[in-house]
Amino acid sequence: MRNMTGVLHPDLPRFIAFGAAYTELQRSGPDLWRSVNRGAPWQVAVALSTLGELSAFAGAISQDAFGQEIWIDSSDANLDLRFIQQLPKPPLMALSRPDEAPQFFVGQDSADLHFRPEGLPSGWLKRLRWAHFGGLSLVRQPLGLRLLALAEGLKAEGKTLSYAPEFSLQMDSRYDETLERMCRLADVIQISEAELRGLFRAQDYRVGLAQISAWNPDAMLLLQHGVAGHATLFRGREEWHAQIADYDVVDPVGARESGLAGLIFSCLRQREAPVQQHLRWAVAAEAAACSAAGFCPPSEALVATLAARALLKTGG
């Protein structure tokens with residue numbers, strides 16, 4: 001990792017999300033499809049940028065029309081485009097029905113698999129404070145192993161890491177080692193009850209919760225309960241619950257990524273603040289992201305307003 005430090009550029013981002021961005025084709029009629037840009041790490045970076053933090057998505061996309069749309073949306077979100085590598089490879093794509101997760105992905109030898117950390121801007125490592133990993137990218141090889149090695153190197157450099165598995169059917173027993181290694185590395189882990197059941201193949205989500213706590217008792221663990229604006233934060237033996245009441249849910253797309261961005265934003269801006277404050281920002285950003293159709297990450301002002309309304313309690 002030492003050979004990537006370079007000089008320090010003050011305009012480089014403190015936050016980078018590493019992973020895959022893809023095009024989701026959503027069927028909206030018998031012969032109608034619409035495309036939207038997706039990818040959990042990319043969405044976290046966009047949400048954090050919307051809150052006002054200099055952010056980047058580090059990944060590879062195609063040079064065709066699909067990749068260009070991701071590039072345009074990234075530019076519109078004020079992401080640092082120096083971290084996106086456009087390559088002459090096919091796009092990563094997903095197919096889905098309305099209100100459903102993608103049914104399957106198309107991406108053999110697609111651009112995302114060819115991302116190279118050595119191609120990032122000079123000086124990025126010195127400026128970096130927080131790196132995020134998760135989603136489909138850690139399953140897709142050889143990209144997954146490359147990102148895992150990168151995460152281990154960044155941890156050795158003293159950087160703060162967050163991890164959100166975003167469970168999918170591709171995460172079978174072959175993913176178990178990656179899951180454990182990433183959980184041991186991460187300072188912040190975001191996960192839901194449903195994901196814990198899937199990842200640990202157990203009916204009781206608390207089985208997985210206990211295992212992650214055993215792997216990394218010092219991590220800040222953000223548990224989501226399946227309802228936007230409602231989460232529990234664990235740290236060591238301490239536990240806090242927070243909820244936003246009385247808000248309109250128009251569309252939950254991107255809510256969890258916005259919620260994680262809210263927590264990260266709070267930690268970056270006020271690292272010494274009580275963890276309860278970071279939890280307030282997480283549930284507030286998640287709830288605020290539901291106020292419009294599609295992926296619509298909220299502003300700092302809106303999240304701050306909702307955070308002040310968050311209902312907070314301690315204990316089990």
Enter the distance from [X]:[atom1] to [Y]:[atom2] here, rounded to the nearest 0.5 Å.
{"X": "Ser258", "Y": "Glu286", "atom1": "OG", "atom2": "CD", "answer": "8.5 Å"}
{"X": "His278", "Y": "Arg269", "atom1": "NE2", "atom2": "CZ", "answer": "13.0 Å"}
{"X": "Leu120", "Y": "Leu128", "atom1": "CG", "atom2": "CG", "answer": "10.0 Å"}
{"X": "Glu152", "Y": "Leu147", "atom1": "CD", "atom2": "CG", "answer": "11.5 Å"}
{"X": "Ile189", "Y": "Leu260", "atom1": "CD1", "atom2": "CG", "answer": "11.5 Å"}
{"X": "Glu53", "Y": "Phe15", "atom1": "CD", "atom2": "CZ", "answer": "9.0 Å"}

Does [X] belong to the same Ile/Leu/Val/Met/Phe/Trp/Tyr cluster as [Y], with side-chain heavy atoms less than 4.5 Å apart forming each link?
{"X": "Leu233", "Y": "Ile264", "answer": "yes"}
{"X": "Leu209", "Y": "Tyr175", "answer": "yes"}
{"X": "Leu312", "Y": "Trp281", "answer": "yes"}
{"X": "Val139", "Y": "Leu145", "answer": "no"}
{"X": "Val46", "Y": "Phe57", "answer": "yes"}

Is a side-chain donor or acceptor of [X] paired with a backbone partner of [Y] at a separation under 3.5 angstrom?
{"X": "Asn37", "Y": "Glu69", "result": "yes"}
{"X": "Asn216", "Y": "Ala186", "result": "yes"}
{"X": "Asp187", "Y": "Leu161", "result": "yes"}
{"X": "Gln63", "Y": "Gln86", "result": "yes"}
{"X": "Arg146", "Y": "Arg116", "result": "no"}
{"X": "Arg38", "Y": "Glu24", "result": "no"}
{"X": "Ser49", "Y": "Ser55", "result": "no"}
{"X": "Arg14", "Y": "Arg129", "result": "no"}
{"X": "Lys155", "Y": "Arg184", "result": "no"}
{"X": "Ser266", "Y": "Leu263", "result": "no"}

Hey, are the side chains of [X] and [Y] touching, using non-hydrogen atoms and a 4.5 Å cut-off?
{"X": "Leu196", "Y": "Val207", "result": "no"}
{"X": "Arg235", "Y": "Trp240", "result": "yes"}
{"X": "Leu136", "Y": "Leu92", "result": "yes"}
{"X": "Trp130", "Y": "Val188", "result": "yes"}
{"X": "Tyr22", "Y": "Pro91", "result": "no"}

Working for side chain to side chain contact (heavy atoms under 4.5 Å, CB included), residues Leu54 and Asp80: CA-CA 8 Å; Leu54 284 176; Asp80 192 324; over 6 Å; no
Using every non-hydrogen atom in the two residues, find where [X] and [Y] come nearest and quote the distance to one decimal.
{"X": "Pro121", "Y": "Leu12", "result": "CB-CD2, 4.2 Å"}
{"X": "Ser162", "Y": "His132", "result": "OG-ND1, 2.8 Å"}
{"X": "Leu25", "Y": "Ser35", "result": "CD2-CB, 3.7 Å"}
{"X": "Leu48", "Y": "Ala261", "result": "CD1-O, 3.2 Å"}
{"X": "Ile61", "Y": "Gly67", "result": "CD1-O, 3.3 Å"}
{"X": "Pro13", "Y": "Ala56", "result": "CG-CB, 3.7 Å"}

Parallel, tilted or perpendicular: which one describes the rings of Phe200 and Trp215, with boundaries at 30° and 60°?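 Plane angle between 30° and 60°, so tilted.
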If the plane angle is over 60° it's perpendicular, under 30° parallel, otherwise tilted; pick one for Phe133 and Phe18.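 It falls in the parallel class, under 30°.
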Requested in this report: Determine, step by step, whether Ser75 and Ile72 satisfy the side chain to side chain contact (heavy atoms under 4.5 Å, CB included) criterion, reporting the C-alpha distance in whole Å, the side-chain angles of both residues, the deciding distance to 0.1 Å, and the verdict.
Outcome: CA-CA 5 Å; Ser75 177; Ile72 291 171; 5.6 Å; no
- Under the side chain to side chain contact (heavy atoms under 4.5 Å, CB included) criterion, do Glu238 and Val275 qualify, and how do the steps go? CA-CA 10 Å; Glu238 298 181 299; Val275 293; 5.8 Å; no
Quick one: do Glu195 and Arg256 make a salt bridge, cutoff under 4.0 Å?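 Yes.
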Any salt bridge linking Arg82 with Asp11? Criterion: basic side-chain nitrogen under 4.0 Å from a carboxylate oxygen.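 A salt bridge links Arg82 with Asp11.
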Run the side chain to side chain contact (heavy atoms under 4.5 Å, CB included) check on Leu125 and Lys159 step by step: do they pass? CA-CA 9 Å; Leu125 184 57; Lys159 309 301 182 182; 3.8 Å; yes
Atom CD of residue position Gln203 - does it have more than 12 heavy atoms of other residues, nucleotides or ligands inside 6.0 Å?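 At most 12 heavy atoms, drawn from other residues, nucleotides or ligands, come within 6.0 Å of this atom.
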